2 protein chains.
Amino acid sequence: MLTDRQRQTLNFIRDFIDENGYPPKLKEIGNHLGITSRGTVHRYIRALEDENLIRVSTGRSRGIELVDNETPGDESIADHENTLPVVGTIAAGLPIEAIEDQETINLNDFFVRPGRFVLRVQGDSMIEDGIFDGDMVIMESCQTARDNEIVIALIDQDEATLKRIKNNQDGSITLIPANASMQPFRYSAERVTIQGRIVGQFRAY
Amino acid sequence: MLTDRQRQTLNFIRDFIDENGYPPKLKEIGNHLGITSRGTVHRYIRALEDENLIRVSTGRSRGIELVDNETPGDESIADHENTLPVVGTIAAGLPIEAIEDQETINLNDFFVRPGRFVLRVQGDSMIEDGIFDGDMVIMESCQTARDNEIVIALIDQDEATLKRIKNNQDGSITLIPANASMQPFRYSAERVTIQGRIVGQFRAY
DNA sequence: AGTATATGCTAACTGACAGACAACGGCAAA
DNA sequence: TTTGCCGTTGTCTGTCAGTTAGCATATACT
């Protein structure tokens, strides 16, 4: 996992190469980061090399090289246009400023996987878990689930619901809504078919 | 990998040929680079030849020739399946089956727009709106907000929080948490700066 | 308090590089 | 032939970029 400064360094190297066609030297990186010490910059370079994100020709000026990081082609463009910057954490936080070198997140990379699908949630049964009426949940197909996972359970091959699951000792299954006004229900294993477990959730305002 | 001086030399050779139709001699290159020594220039020529960027007719005056450097276009389209199928609505619904004609959703198309960014939420102040500690919210930069929108409000240029907003008649602003254990706060307009309004929210399990 | 990590600085070492210069050989004009 | 231009090769020296190590501070975690 990269630190902020390491990420900023990597981003700058990418941008620099993108713009100039050749990599920056330590001093140029430091200049961008507001660091006067080449030694400090060099430590970041080493860290990025350890993470296998860049390759370094030791001793040479401008000896930094980016490592091809999978998903060829699509990335150069898509990764710029299909990402959202993660600015930070909102808490009792500081002002949100226009910061250049931020972590970014690609929602598709984040959520899209084979075997996943989206459902629109209807009803309030999972409201206490923050899943509201109208929300979209991203599910992953599966046949079994561990305790406490939120799953789509098909009951009697007829009715599908989104609930938290508990596998009981006797083989039966309890489906637990996240709503104080609703009761958990217990079913024999034969009556319940798991169709998927939740891996994500999103909502548009 | 070229050094700065080597790159400058190559660029000058290109420009020179482009302008005059014939390549420069060592002295002319050196003159452009501020070098009086032909020997030094010659070393650059050799380096460029080693890199296969130029060809040299040994011994001849103006014997430099550019090498055609075609960059094979990397047109990897990689039109990935960046979409998730929207299977339907989960309520007291029917079994989830493999349905043919599915609606699909591309999360990036759905959420990614210029001027948007992501924040990780810390704390429980919006818990009743289904925004939990650790959730990610997608914000859109803006300076004003209508009543009842969830916004990032910067208070006294110091502290940023995520709250529901109400513009009062007298010009003051009330920020309303979605947590029964917390109180709305009222601020004079000067103390509050809106930094963005919520447009989406997501969560990974 | 004590430890660990992240960040920044200075200082010194090393090797690559840049430039000057000298010397040699080919070639063409005087 | 001689002279001078030009490319070529090699050496010497100073500078610069990368590297390494040591010291200091701030923050988070035990």
Side-chain angles (χ1 to χ4, degrees), chain A residues 1-13 16-17 20-51 53-67 86 88-89 91-94 99-103, chain B residues 1-13 16-17 20 22-51 53-67 120 122-123 133-134:
Chain A
M1 200 54 185
L2 299 182
T3 68
D4 287 351
R5 285 308 238 177
Q6 287 166 9
R7 192 177 3 264
Q8 288 170 17
T9 303
L10 180 59
N11 285 337
F12 175 71
I13 293 171
F16 192 100
I17 293 179
N20 299 293
Y22 50 86
K25 51 181 82 167
L26 296 192
K27 191 177 170 187
E28 291 166 336
I29 297 174
N31 193 49
H32 176 260
L33 295 175
I35 299 173
T36 64
S37 161
R38 280 169 294 146
T40 301
V41 176
H42 184 258
R43 201 191 300 132
Y44 294 145
I45 298 304
R46 275 266 288 278
L48 294 176
E49 195 183 14
D50 288 346
E51 293 284 339
L53 295 168
I54 59 175
R55 221 172 302 115
V56 176
S57 308
T58 311
R60 292 265 299 270
S61 174
R62 304 188 187 278
I64 301 173
E65 212 178 330
L66 288 180
V67 170
V86 179
T89 300
L94 298 177
I99 308 174
E100 282 184 28
D101 311 295
Q102 287 300 327
E103 182 184 1
Chain B
M1 180 56 69
L2 300 182
T3 68
D4 289 353
R5 283 309 237 180
Q6 288 166 11
R7 201 178 350 265
Q8 288 170 19
T9 303
L10 179 59
N11 286 337
F12 175 71
I13 293 171
F16 192 99
I17 293 178
N20 301 292
Y22 52 84
K25 55 180 77 169
L26 296 191
K27 189 179 174 186
E28 289 166 338
I29 297 173
N31 192 48
H32 175 260
L33 295 175
I35 298 172
T36 65
S37 162
R38 282 168 291 139
T40 302
V41 176
H42 183 259
R43 202 192 302 129
Y44 296 149
I45 300 304
R46 274 267 290 279
L48 293 176
E49 194 182 14
D50 288 345
E51 293 283 340
L53 295 167
I54 59 175
R55 220 172 302 116
V56 176
S57 307
T58 310
R60 297 257 312 251
S61 176
R62 302 188 188 276
I64 302 173
E65 211 178 332
L66 287 181
V67 170
R120 182 184 301 276
Q122 197 170 80
D133 190 11

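Chain A is the first sequence line, chain B the second, and so forth, proteins listed ahead of strands; every chain is numbered from 1. Please read all numbers here as calculations on a predicted model, not as lab measurements.
With sequence neighbours left out, B:Arg62 forms a side-chain hydrogen bond (donor to acceptor under 3.5 Å, both in side chains) with B:Glu28.
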message: So if I define the base as every atom that isn't primed, P, OP1 or OP2, how would nucleotides 8-18 of chain D read as a B/S/- string at a heavy-atom cutoff under 4.0 Å?
response: BB-B-----BB

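Contact check for B:Ile35 versus B:Tyr44: side-chain heavy atoms found under the 4.5 Å cut-off. For the pair B:Asn11 and B:Arg7, the minimum side-chain heavy-atom distance is below 4.5 Å.
To the nearest 0.5 Å, the span separating CZ on A:Arg46 from CD on A:Gln6 amounts to 12.0 Å.
Taking every heavy atom of both residues into account, B:Glu51 and B:Leu2 meet most closely at CG-CD2, 3.7 Å. Nearest heavy atoms, B:Ile54 versus B:Ile45: CD1-O, 3.6 Å.
Note on ring orientation: taking the six-membered ring where Trp is involved, the planes of B:His32 and B:Phe12 are parallel (angle under 30°, cut-offs 30° and 60°).
For DNA chain C, the outermost nucleotides in 5' to 3' order that have an atom under 4.0 Å from a heavy atom of chain B are C:dC17 to C:dC21.
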